[in-house]
Amino acid sequence: MPRQGFPVSGRNGADVLADLARLQAADVPWEAGLTWAFVYHGDDDVYDVASRAYASAAPLNALGNEAFTSLAAIERDLVAMLGNLLGAPDAAGSATSGGSESIFLAVKSARDRLRGVGHRGRVEILVPTTAHPAFDKAAHYLDVTVRKVPVAAHQRADVAAMRSAVTPDTAMIVGSAPSYPHGVVDPIGEIGAVAAEHDLWFHVDACVGGFVLPFIDPADRTIPVFDFRVPAVRSMSLDPHKYGYALKGISMLLHRDADGFAYQKFAVSGWPGGSYETPNLTGTRPGAPMTSAWAVINHLGRDGFERLVKRAVDATDRLADGISSLPGFFVPVAPQATLLAFASDRHDITAVAEGLRQRGWVLGVQGPPPSIHLTVSPNHDQIVEKFVTDLAAAAADAEAGRLAPGGEASFRYA
Ligand SMILES: *Cc1c(COP(=O)(O)O)cnc(C)c1O
């Protein structure tokens, strides 16, 4: 195919939009719940509020929040509402473009704090192997070394091993609430004790769980205290564009207080364009994502989130039961939130994944240990039985040798 040239003359908007609709028609039909990653769908009502709020703010720029007072107010409200939700009534922080940017800025804050007390030379961060690759990416950009500590058999951080891995160069220690691969919560209180012993920056990555865990009865799924109620926690990331049902492009980085937030900011003076100070990696910041997050939170409230989280949790449990009832499949670690991994002691799991893909499902294979990962949204409660039926059929195909083993990576840039 020839590469597309730059259009010589314009065409009318309706024709262009029709072309766009044709392109998008080939995307996975996410509304039907076929995606087990990438899309977090609450319900049509919440999507409607999110997208109308988003469109209302599309031209606004939070770089100039003196001009766009709505965005200043919205960002202040988001920090305050979420700080209160997570046990930090004096929280400070900002809206970022996504979990990766929040994590980048948390690593920067920790690095700058260690350097601020006179540390010279290399800087390390300590993460469990299950922590998100955004920590590796941040460390790479920020010239920081990542030390990865293997998790224990239950896939949670091994706190004793983390304690032994602390060195004088350690700036930061990390726990996930929950981790992405198996959806289990690291022992945040115990990691907090290590952080306190060594005066480390403790970041809790609640990117995927920040809008789920607070709305589950902890006794139901033995969820430990995972937030700022653990005194050593200095910062937390949580993503409205995941289970906060906002449209894409927003995460929140919260610090316990304004002192922590100060490490996040960057300022430069002497630029002929004016004085320039921003807490974020980005300059221009779209107002639409934070506006949609604010609208959804106010629309749903605690009871609305509880209702949607219950649907997703119930679907997760029904999936776990249905999958484990099939011969040859098991769920290695009981999920605590709405992420689920399952494995097989009989089939090549990559072949099974291939069979599921042939049936229209979008999912990823991860490991070690090799398993298929499902991120469960409320609207998945409609398709649990269909998925389990398709899994049985994919397993039969794998058993009969009708499927070639597939690839492992879930997040590839094509
Ligand atoms: C999604 C996720 C991230 C990264 O967030 P992006 O918005 O994709 O940049 C970080 N940590 C966890 C646990 C996640 O699930």
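Ligands are counted one by one from 1 in listed order, and the atoms in each one are counted from 1 as well. We count residues from 1, following the sequence as given.
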Quiz item: Do we see a donor-acceptor contact under 3.5 Å between the side chains of N280 and S94?
Solution: yes
Exercise. Within a distance under 4.0 Å of any heavy atom of Y180, pick out the atoms of ligand 1 and give their elements.
Key: 15 (O)
Quiz prompt | H255 and Y263 aromatic centres sub-6.0 Å | solution = no
Quiz item: Hey, what's the ring geometry for F305 with Y245, parallel, tilted or perpendicular (30° and 60° as the breaks)?
Solution: parallel
Exercise. Among all protein heavy atoms, pick the one closest to atom 13 (C) of ligand 1 and tell me residue, atom and distance.
Key: D205 OD2, 3.3 Å
Quiz item: Looking at H241, which atoms of ligand 1 are within less than 4.0 Å of one of its heavy atoms?
Solution: 7 (O)
Quiz item: For ligand 1, which atoms, with element, lie under 4.0 Å from some heavy atom of K242?
Solution: 1 (C), 2 (C), 3 (C), 4 (C), 5 (O), 14 (C), 15 (O)
Quiz item: N/O of S179 under 3.5 Å from N/O of ligand 1, yes or no?
Solution: no
Self-check item: For atom 6 (P) of ligand 1, the protein heavy atom that lies nearest, with its residue and separation
Solution: G99 N, 3.5 Å
Practice problem: Using a strict 4.0 Å cut-off to heavy atoms of C207, name the atoms of ligand 1 that fall inside it. | Solution: 2 (C), 3 (C), 10 (C), 11 (N), 12 (C), 14 (C)
Quiz item: Among side-chain atoms of T375 and Y40, is any donor-acceptor pair under 3.5 angstrom?
Solution: no
Exercise. Answer yes if the side chains of D205 and S176 hold a donor-acceptor pair under 3.5 Å, and no otherwise.
Key: no
Quiz prompt | Any side-chain heavy-atom pair of W201 and D112 under 4.5 Å | solution = no
Quiz item: Which of the numbered atoms in ligand 1 are below 4.0 angstrom from a heavy atom of D239?
Solution: 5 (O), 7 (O)
